[in-house]
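One structure is given here, and the rest of the page talks about it.
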Amino acid sequence: MKKILNEPFAYVDEMLVGLCAAHPQYFKQIGPEGRVIVRPDGPVKGKVGIVSGGGSGHLPVFTGYVGKGLLDACAIGEVFSSPSVDQMADAIRAANSGAGVLRLYGNYGGDNMNFDMAGEMVEMEDIQTTTVRVADDVASASLQEQSKRRGVAGLVYSYKIAGAKADSGANLQEVTAVAQKAALACRSIGVALTPCTVPAVGKPTFQIGEDEMEIGMGIHGEPGVRRGPLRRADAVCEEMLSLLLTDLPLRSGDRISVLVNSLGATPPEELYIIYRFLSQRLADLGVHIVMPWVGRYATSMEMAGLSITFCKLDAELEALLKAPCDSPFLRV
Amino acid sequence: MKKILNEPFAYVDEMLVGLCAAHPQYFKQIGPEGRVIVRPDGPVKGKVGIVSGGGSGHLPVFTGYVGKGLLDACAIGEVFSSPSVDQMADAIRAANSGAGVLRLYGNYGGDNMNFDMAGEMVEMEDIQTTTVRVADDVASASLQEQSKRRGVAGLVYSYKIAGAKADSGANLQEVTAVAQKAALACRSIGVALTPCTVPAVGKPTFQIGEDEMEIGMGIHGEPGVRRGPLRRADAVCEEMLSLLLTDLPLRSGDRISVLVNSLGATPPEELYIIYRFLSQRLADLGVHIVMPWVGRYATSMEMAGLSITFCKLDAELEALLKAPCDSPFLRV
Amino acid sequence: METLLTTDVLRESFSRIVAKLEASAEELNELDAVLGDGDLGVTMVRGARSVQAELASLPDDVGLALLRCAQAFTKISGSTLGTLLATGLMSAAKATKGRRAVPWSEISSLLAGATAMMSSRGQGQLGDKTILDSLDAARAATEGLETPDALIAAANAAVASAIERFRDQPSRQGRARIFGEKSVGQDDPGMVAFKRILEGLL
Amino acid sequence: METLLTTDVLRESFSRIVAKLEASAEELNELDAVLGDGDLGVTMVRGARSVQAELASLPDDVGLALLRCAQAFTKISGSTLGTLLATGLMSAAKATKGRRAVPWSEISSLLAGATAMMSSRGQGQLGDKTILDSLDAARAATEGLETPDALIAAANAAVASAIERFRDQPSRQGRARIFGEKSVGQDDPGMVAFKRILEGLL
Ligand SMILES: Nc1ncnc2c1ncn2[C@@H]1O[C@H](COP(=O)(O)OP(=O)(O)O)[C@@H](O)[C@H]1O
Ligand SMILES: Nc1ncnc2c1ncn2[C@@H]1O[C@H](COP(=O)(O)OP(=O)(O)O)[C@@H](O)[C@H]1O
Ligand SMILES: [Mg+2]
Ligand SMILES: [Mg+2]
Ligand SMILES: [Mg+2]
Ligand SMILES: [Mg+2]
């Protein structure tokens, strides 16, 4: 895959400079390496802070979701690598206005360890913190081992819902509880068609045949549940749908939000072809779709493929999902 | 390139069904073939209507820009093919609330002919119409033959500015004049890294070497101005910048908006790397950037590459650019 | 054939043209695949079928009948030649509106009017190696002729030699233009399409 | 070596470790390229240099000195072993805080504490074929020993044989885990990294 870049090792730093230059009213770089992105108007007095973080290469995840009604700060690592403990601690400090900080991020070994450690560091400074790890990828472990699942696009629902709760003036325990509830309400499944290339590595993250797809592959190329010939859109969608429904049975009358997410190169035209089938199937089941999202929400640079996320709603989650938020990548 | 679709010939129809299902509050399909997309709340009483149209495969162009403060209706053809005269005429009729309709579209032979003919058809029904063709691609003809240039991402500025003018209660002549002014204020240049595949054709639109780029290539793969080895981001940007500045000289104190647009597969990370350099260079020239856009605004499905558009502003254009608009793909 | 051009004649002529175009679809697609996007056969067949669906209900006014045929072409989507043919039919419709019979001697001037309007619609010139050059050859050859048989025979021969004459020139219009010198030696698909239409009338 | 573990001893020991890790960077990168993402040498060198920058200004309190070393590791970004080593150092820091001299006989229990905290941090178990298995081998071999020379020699030998013992087992943790049976026959990069650290002290 071809890329437009300068030094591969400057990829993340140059990207962040451009991001903040393009949206100065939304994003500000802080910290010794500029690897912490914060709201320029933060920390918001009296509000519970929400921080996230992880490797680069997934825009809008993670930094793109810093904004009103979403995240307060974000630590961002090299492509597909965890930020450092110090960067995470700086993000927590920047998000703290005294009401405590929720660490809300995807379930990956490196991020878990570093965020835990960052939490221990700031505890010594009397900053109260909590953790919610999003683990929504049904392909990555069984329902019995739900907490071992990878975190993928479901993250966006947790950001949105926890962000709205924090904006409402809720305290740290309340924000944490609803973030956890949102995280547990989400299920995702992906299908990958092509790999992507980490700039500093220079070769594709995996190999796949010209006519093959892999159902359940992770956003860093982690092995999925089935590799086989690329099938018709409706058949691919049906297979993904059945994996989701096995994990999260839906009944007539249920209300869910749906995210049809491109992994990068897959254009919106194809996402809408998938959404057409998906929305018809859910309507047949009597399931009501609330505020669907179709687009690029959690990506792997130029990887082709898509993911589908269900977020099962109750009245509280639905109200928070519909509350206003504002970032260049997500506005409600 | 791999695609997620069912029948290649159903690509556009299925895509439109999905688009309208996902955003029913924004988009409604009308017409015998469902190839006209309108605002569900249109036509807006007393407001000048604005219609556009063209081939599919460029989302958000064209249909994605139907919305408040933007387009009222849009006729949409097969991938990379003009809609029919009748579809365009239906779009004009749907946009007309009695105040007349501006046909605002990109300069391509087929679209020109069909929109002209559609205009003649609706004239017999006493609908007053005008035409503005956006011709912003500096690579496609010399400045002396400006009206022969292809219309590319500059279209988005004309939509935004004309849409705001129409929302302000201006009459057809005023909306047409400002749309024309916006069209002439825009210059674009693209660089393509990979081709895309029209579903019904099934093979790439062109061939290009593994390490090559083509500066100035059109969004349907029309030949550009220079093909050569892929260079560093800053060098690519400098070459594009110099083509733009030759055509549209900028002075210290000038105010412009800038659109750094992915042709599809190129991820936002790379766009921000380009924006970083571009914004620094413009700052060096003393040029002030107003409301930059960085993202996917006018695409060619999964083509890799990007385009840069400058829109030179005066007080009127700047105010209209900043006025509110609302579609799932563009909100101000 | 009748001594005057009436809606009945149009009806019968279009039926034969439709049949001929159906038979030529593959050939026209292939020609267009070399110099364009390979859809010309599809365009012609879809346009012809759209006209055919109107034939039974065509009005007796020749002009209004031609208008309906033009509108049938505007319904099908988007290839250049479909729109140009609709334009040409519209021109003939305007010239014959209000009449139930048109003398054959007017055919040449109807072709001239259609060619002019198509040229203005598509910004194409004579000599660009497009369907316009077929039409103009037919116009020149049919000037002064007064019977349908003579007209068709003359037009056919003239278009055949126009195709030969243009074969070794480059295309200067439409998608074929970007092929530049590579279009030399290739017949223009639009010129050939008009030849097949005439052959349908033979 | 001195008879007690002091900040001066730490300073001198870390300097030698840094030199050894610089020399081993290529080897560790290559080992990690086989079973992971090939950055382990880079991680160790960057971590070591970050510690080195602190050496001159380390406080005399051994615990606080170790804390500063741990913090130096948390500054460098993001590979697993960097964070785990910071965790281990932090554990030792807590156990020695407030003391300017620590008897060598405590080393074994400091290793035990570090291993436990690293295991809880990374959710890794003994037997997973990770650096934890190197640490545990060193802990077992150093129990009851009271001089630095004896400690280092015993640890070195124990870790060497642990590496041999685990070579033919599959990796069960970290990036290497997804290679499953393919990791059999390959030495775990983290286990080897700890061996190089000990060699620096020889
Ligand atoms: N501007 C033009 N003026 C006149 N004829 C044209 C023009 N452009 C194309 N043609 C004719 O149309 C033919 C191609 O028709 P068609 O396949 O419908 O075009 P496309 O698929 O490129 O829209 C050409 O062979 C040529 O004869
Ligand atoms: N969960 C874990 N617990 C203990 N040690 C681990 C764990 N994961 C990895 N390791 C050790 O870390 C080494 C790899 O370190 P490093 O290259 O920094 O990891 P990565 O690049 O995958 O983040 C492995 O060889 C192993 O010894
Ligand atoms: Mg064609
Ligand atoms: Mg065509
Ligand atoms: Mg590694
Ligand atoms: Mg690593």
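Below, chain A is the first sequence line, B the second, and so on; all start at residue 1.
Ranked by heavy-atom pairs under 4.5 Å with chain B, the list A/Ala22, A/Ala265, A/Ser279 is led by A/Ala22. Interface summary for chain B: among A/Met301, A/Arg331, A/Glu302, A/Arg296, the most heavy-atom pairs under 4.5 angstrom belong to A/Arg296. Of all the listed residues (B/Glu212, B/Gln280, B/Met303), the one sharing the greatest number of non-hydrogen pairs under 4.5 Å with chain A is B/Glu212. Considering only heavy-atom pairs separated by less than 4.5 Å from chain B, the leading option among A/Pro292, A/Ala235, A/Gly295, A/Ala21 is A/Ala21.
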Legend entry - Trace of the side chain to side chain contact (heavy atoms under 4.5 Å, CB included) decision for A/Glu270 with B/Met15: CA-CA 7 Å; A/Glu270 298 176 29; B/Met15 177 271 283; over 6 Å; no

Legend entry - Intermediate values then yes/no, side chain to side chain contact (heavy atoms under 4.5 Å, CB included), B/Lys2 and A/Met213: CA-CA 9 Å; B/Lys2 297 162 160 184; A/Met213 63 175 183; 6.0 Å; no

Inset, instruction - Please step through side chain to side chain contact (heavy atoms under 4.5 Å, CB included) for the pair B/Ile4 and A/Ile274, ending with a clear verdict. - result: CA-CA 8 Å; B/Ile4 298 176; A/Ile274 289 286; 3.8 Å; yes

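Interface residue B/Tyr11: backbone and side-chain heavy atoms are both found under 4.5 Å from chain A. Looking at A/Leu230, only its side chain comes within 4.5 Å of chain B, counting heavy atoms on both sides. At a 4.5 Å heavy-atom cutoff, the contact between B/Asp211 and chain A is made by backbone atoms alone. Residue B/Gln25 does not touch chain A at all, counting heavy-atom pairs closer than 4.5 Å. Only the side chain of B/His23 has a heavy atom closer than 4.5 Å to any heavy atom of chain A. Heavy atoms closer than 4.5 Å to chain A are found in the side chain of B/Ala304, but not in its backbone.
Summarising the geometry, atom CG belonging to A/Leu5 is positioned 11.0 Å from atom CD belonging to B/Glu269; distances are rounded to the nearest 0.5 Å. In this structure, the separation between CG on A/Leu271 and CG on B/Leu59 is 9.5 Å, given to the nearest 0.5 Å.
Using a cut-off of 4.0 Å between Lys/Arg side-chain N and Asp/Glu carboxylate O, B/Glu7 and A/Arg232 are scored as salt-bridged.
Counting heavy-atom neighbours within 6.0 Å of B/Lys3 NZ, excluding the residue itself, gives a total above 12.
Between the side chain of B/Asn6 and the main chain of A/Ala233, a donor-acceptor pair closer than 3.5 Å is present. For B/Glu14 (side chain) and A/Arg276 (main-chain N/O), no donor-acceptor pair under 3.5 Å exists by modelled atom type.
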